[in-house]
**Q** 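What follows is a single structure, and I will ask about it in a moment.
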Amino acid sequence: MADEKLTSRAVDFSEWYNQIVQRAELADYAPVRGCMVVRPYGWALWENMQAALDRRFKETGHVNAAFPLFIPMSFMEKEKEHVEGFSPELAVVTIGGGEKLEEPLVVRPTSETIIGHMYAKWIQSYRDLPVLINQWGNVVRWELRTKLFLRTLEFYWQEGHTAHATEKEAREETLRMLDVYADFAVHEGAIPVITGMKSQSEKFAGAEMSVTIEAMMGDTRALQSGTSHFLGQNFAKAFSIQFLDESNTLQFAWTTSWGLSTRFIGAVIMTHGDDQGLILPPRLAPIQVVIVPICKTDAETAAVMETVGRVHAELKDAGLRVKVDDRKEVTPGFKFNDWEMRGVPLRIEIGPKDVEKKAVALARRDKPGREGKSFVPQAGLASAVRQMLTDIQAALLAKATVFRDAHISEPNDYSALKEVVQNGWAYSWWCESPECEAKVKEETKATTRCIPFDQKEGHGRCIVCGKDARRRVYFARGY
Ligand SMILES: [Zn+2]
């Protein structure tokens, strides 16, 4: 498996991605077209993402619950924009237990409707607010063009749904969760992201405002990696989520929703991977350190394995995720390639000479060849390894940031924009008219990614029509 070279990123990025997903054993194709099987290594990566996010959700006052997979069709129809947006993607169950159902059931594409229904029941007074619930689960959207992790019929995610007494609180919550996603992406995924607002045509169906974290992949295309939505009172009105305020007046609640999915695995692959395979950020890697013993004779094996066992125990005790590759049927060189393909951040090699010198050889995944190699004493190894993992995490973020910034430019005119989006992102004044947005999309395939918050509003000329523009937007081809 590890002896055949991957297609190079430069030659065919899409094919490179497909091969990595399979050969690193992250996921496989399911018998139903467009569905995926997440394999144990891919799921372990997702579990680490879940843990890092779940901790942040709890720290910001949220609790987890579980809502049903099936939603009555009539629920979907209650919010007009929501049903229009999701109708083409719905999977609908019409038969149950061999009988035609009185009302068709939708397999949830997202849960605003069913959760809205329940919130209407649970919320009566301002004292019941805010409600801050998250659920981990799977959803189904009948996508036509699919790609493992990036777009599949069924995928795994978390969806947060909150209800608040005031608009201000709901808007704050929307942005708080955007910050949580950005913090997660940067500090756990080592993925620099740009935060901002989606345009009216790119926002979530039924939302007043959608905000997003946008990341640049290794081919410069943009990946929407997590979104948070201010739903206004749209769902509260559709589902009668009402409460008596402090002066005993009946009010509609203000709601939000926010989600991040297994798509983020795709973001990690495409941000950090190279022609040798996956490169995982240490904080998310299922295996942070792999130990490869190097020995030929029986006498060597005994001495080497004794040291390997000791080092393994020490690193495990230090809380690191470490694995010993003691396979006898393959060579050390094969093992090196194999773990490089799987993106393990750090490899420890231990041979007879290392045993003698009371040292080990360390090889960093992010720096191939001699540059990434160092020899460190066995004494105090755990702290040296921990430090190196911290360095790798930081180096991955720095490298991705440099790459991203080198591929963002501010074109002077529309013809320059057309050039820029072939291999990068354009940051440009935009009049915010859907016509200009549609024109760019049609002529370049680039879409508006987000209107960043951290810009000073000013006055410029729309890059497309030349009319007055107040804010700038990122245009990029996306996944
Ligand atoms: Zn314009």
Side-chain angles (χ1 to χ4, degrees), residues 79-82 84-89 145 150-151 167 171 174-175 178 181-182 192-217 219-232 234 256 258 403-479:
E79 212 288 333
K80 192 172 156 286
E81 281 186 23
H82 193 64
E84 276 173 16
F86 281 100
S87 282
E89 299 180 351
R145 293 204 345 259
L150 299 181
R151 185 166 277 114
E167 174 177 3
R171 286 189 182 275
T174 308
L175 297 182
L178 182 73
Y181 287 154
V193 289
I194 289 173
T195 58
M197 200 174 73
K198 283 282 178 193
S199 71
Q200 286 300 304
S201 63
E202 297 284 338
K203 74 177 165 60
F204 177 77
E208 296 269 312
M209 174 184 76
S210 291
V211 294
T212 176
I213 54 171
E214 295 285 324
M216 185 188 286
M217 304 294 99
D219 61 352
T220 76
R221 284 169 72 179
L223 187 79
Q224 175 182 303
S225 307
T227 48
S228 180
H229 314 291
F230 169 66
L231 303 172
N234 295 346
T256 83
W258 28 275
F403 178 83
R404 181 195 66 182
D405 293 348
H407 290 89
I408 295 178
S409 37
E410 300 184 20
N412 288 322
D413 54 31
Y414 186 56
S415 71
L417 178 137
K418 283 178 161 176
E419 282 291 309
V420 166
V421 297
Q422 296 312 308
N423 188 37
W425 296 12
Y427 187 44
S428 301
W429 293 102
W430 171 46
C431 68
E432 296 179 39
S433 86
E435 289 77 22
C436 288
E437 188 180 21
K439 182 178 154 122
V440 174
K441 189 173 179 179
E442 198 185 308
E443 294 179 359
T444 71
K445 291 191 184 137
T447 51
T448 60
R449 304 312 305 180
C450 70
I451 302 165
F453 294 118
D454 61 354
Q455 62 176 309
K456 276 201 196 112
E457 290 197 11
H459 284 282
R461 301 225 159 270
C462 174
I463 190 86
V464 188
C465 69
K467 286 185 188 146
D468 188 51
R470 282 173 45 242
R471 297 188 289 193
R472 281 177 288 190
V473 69
Y474 287 97
F475 286 103
R477 290 169 309 143
Y479 277 96

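Given the structure is predicted, the values throughout are model-derived calculations rather than measurements. Both counts, for ligands and for their atoms, begin at 1 and track the order of listing.
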**Q** I'd like to know if K441 and E437 make a salt bridge, using a cut-off of under 4.0 Å between side-chain N and carboxylate O.
**A**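 Answer for the salt bridge query: no.
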**Q** Answer yes or no: is there an ion pair linking K198 with E214, defined by an N-O contact shorter than 4.0 Å?
**A**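 E214 and K198: salt-bridged.
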**Q** Evaluate the side chain to side chain contact (heavy atoms under 4.5 Å, CB included) criterion for residues S225 and Y181: first the C-alpha distance (whole Å), next the side-chain angles of each, then the deciding distance (0.1 Å), finally the verdict.
**A** CA-CA 9 Å; S225 307; Y181 287 154; over 6 Å; no
**Q** May I ask you to establish whether R461 and W429 are in a cation-pi arrangement, using a distance under 6.0 Å from NZ or CZ to the six-membered ring centre and at most 45° from the ring axis?
**A**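 Relative to the ring axis of W429, which defines the angle, R461 lies outside at least one limit.
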**Q** On the 0 to 90° scale, with breaks at 30° and 60°, tag the H82-F204 ring pair as parallel, tilted or perpendicular.
**A**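 Because their plane-to-plane angle lies in the 30° to 60° range, the rings of H82 and F204 count as tilted.
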**Q** With the Zn ion (ligand 1) as the centre, enumerate protein N/O/S atoms below 2.8 Å in chain and residue order.
**A**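 Protein N/O/S atoms under 2.8 Å of the Zn ion (ligand 1): C431 SG, C436 SG, C462 SG, C465 SG.
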**Q** With R449 as the cation and Y474 as the aromatic partner, state whether NZ or CZ is under 6.0 Å from the six-membered ring centre and within 45° of the axis.
**A**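 Because its charged atom misses either the 6.0 Å distance or the 45° angle limit, R449 does not stack over Y474.
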